[in-house]
Amino acid sequence: MNKLKIIALLLLNSFLCIIVKAQEKGGEGLMRSNGKIFVVMAVVVTILIGLFIYLATVDRKITKLEQEK
Amino acid sequence: MIRQRWWKILSFLLLLYTCIYGFYVKVPRLDDRMQESIRNFFFHVPMWFGMMILLFVSVWYSVKYLRNPTIQNDANAAAFAATGTVFGMLGLFTGAIWANYQWGSPWSGDPKQNGAAIAMLIYLAYFVLRGSITDDVKKARIGAVYNVFAFFMLFPTLWILPRLTESLHPGGQGSEGNPGINGKDMDTHMRTVFYPAVLGWTLLGVWISTIKTRYTLLAYKKLMHE
């Protein structure tokens, strides 16, 4: 189950990279516009997704512990 | 309600929206002194809104504990106070970063900065107090009483005193009203990001607090079994 999710995320990530690359071929892409502010956005979104995945895992672990008793 | 999943997903979606649209949304240029740093409004200010809400929930559980002393009420009060304090600390640090580039130095002794720092110290004392009492019942009861005091100290330190003097924060001239919801500081575009951001960050804080409470209760149960 977890492996599937990691694979799905990796696929999603590579897909996004392809989109970004495709846009950048035409010179000034989205990621390089506005003083590269969207690079910051990508970093923030990545951190956010990572944090929520971590929090969901901790939540699931605690639920498992609670059900054991 | 607490165990349900929908509000956790809602929190994620709202924050994803904030972190994506927060960079796209058109912000007012004004006289260009803020430039793009006004977007910090979607990240720095919700920390304080979230902190107020989390600390209110904490004091709610403390009062509940004083009326009905159960381990659940005490665990909830402590967990929400801890998350609220973390939010406040993050608010202080992000504010210092922003201030460094906007006001010229990370700490300029602004009345709101000082007030927030005092409020944080009062809450840190709450954890020192709890940590220093070994008897669980005494710890919970004295903690609950102190928490009520700490919550009501928030109002003078964050809401009243900074408005009586000149401040670098918006709303600092004494008569401008609430700096967060003041009509002059935000236009309608910014509002469409700001309010979802407040809700999203607050729900994230609630989620972290509930996990902390559940952990405390599990540890307590384990202790009882031994």
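By convention in this document, chain letters (A, B, ...) are assigned in the order of the sequence lines, proteins followed by strands, and residues within each chain are numbered from 1.
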State whether the number of non-hydrogen atoms from other residues, nucleotides or ligands found under 6.0 Å of [X] atom [atom1] is greater than 12.
X: B:W103; atom1: CH2; result: yes
X: B:F127; atom1: CZ; result: yes
X: B:Y220; atom1: OH; result: no

- Please look at A:I49 and chain B and tell me whether the side chain, the backbone, both or neither of the residue comes under 4.5 angstrom of a heavy atom of that chain. both
- Side chain, backbone, both or neither: which part of A:A42 has an atom under 4.5 Å from a heavy atom of chain B? neither
- Message: Quick check on B:S11 against chain A: is it the side chain, the backbone, both or neither that has a heavy atom closer than 4.5 Å?
- Response: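 Both backbone and side chain.
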- Task: Please examine the side chains of A:F52 and B:L16, heavy atoms only from C-beta on, and report whether any two atoms are closer than 4.5 Å.
- Result: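 B:L16 does not reach A:F52 side chain to side chain.
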- Query: Hey, does B:Y215 have a side-chain heavy atom less than 4.5 Å from the side chain of A:L65?
  - Reply: no
- Output the distance between atom NZ (A:K61) and atom CG (B:L218), rounded to the nearest 0.5 Å.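 The distance works out to 14.0 Å.
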- Looking at NZ of B:K221 and CD of A:E66, how far apart are the two atoms once the value is rounded to the nearest 0.5 Å? 6.5 Å
- Query: Of the non-hydrogen atoms in B:I20 and A:M41, which two are nearest, and what is the gap between them?
  - Reply: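 Scanning both residues, the minimum pair turns out to be O-SD, 3.6 Å.
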- Query: Looking at A:L55, A:L48, A:V45, A:L51, which has the largest count of heavy-atom pairs under 4.5 Å with chain B?
  - Reply: A:L55
- Message: Under the rule for side-chain hydrogen bond (donor to acceptor under 3.5 Å, both in side chains), what residues qualify as partners of B:S62, not counting sequence neighbours?
- Response: B:N147
- Quick one: side-chain hydrogen bond (donor to acceptor under 3.5 Å, both in side chains) partners of B:Q102, sequence neighbours excluded? B:S37
- Query: Considering the options B:K212, B:R5, B:K8, which one meets the salt bridge (charged side-chain N to carboxylate O under 4.0 Å, His left out) requirement together with A:D59?
  - Reply: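 One option only clears the test, and that one is B:K8.
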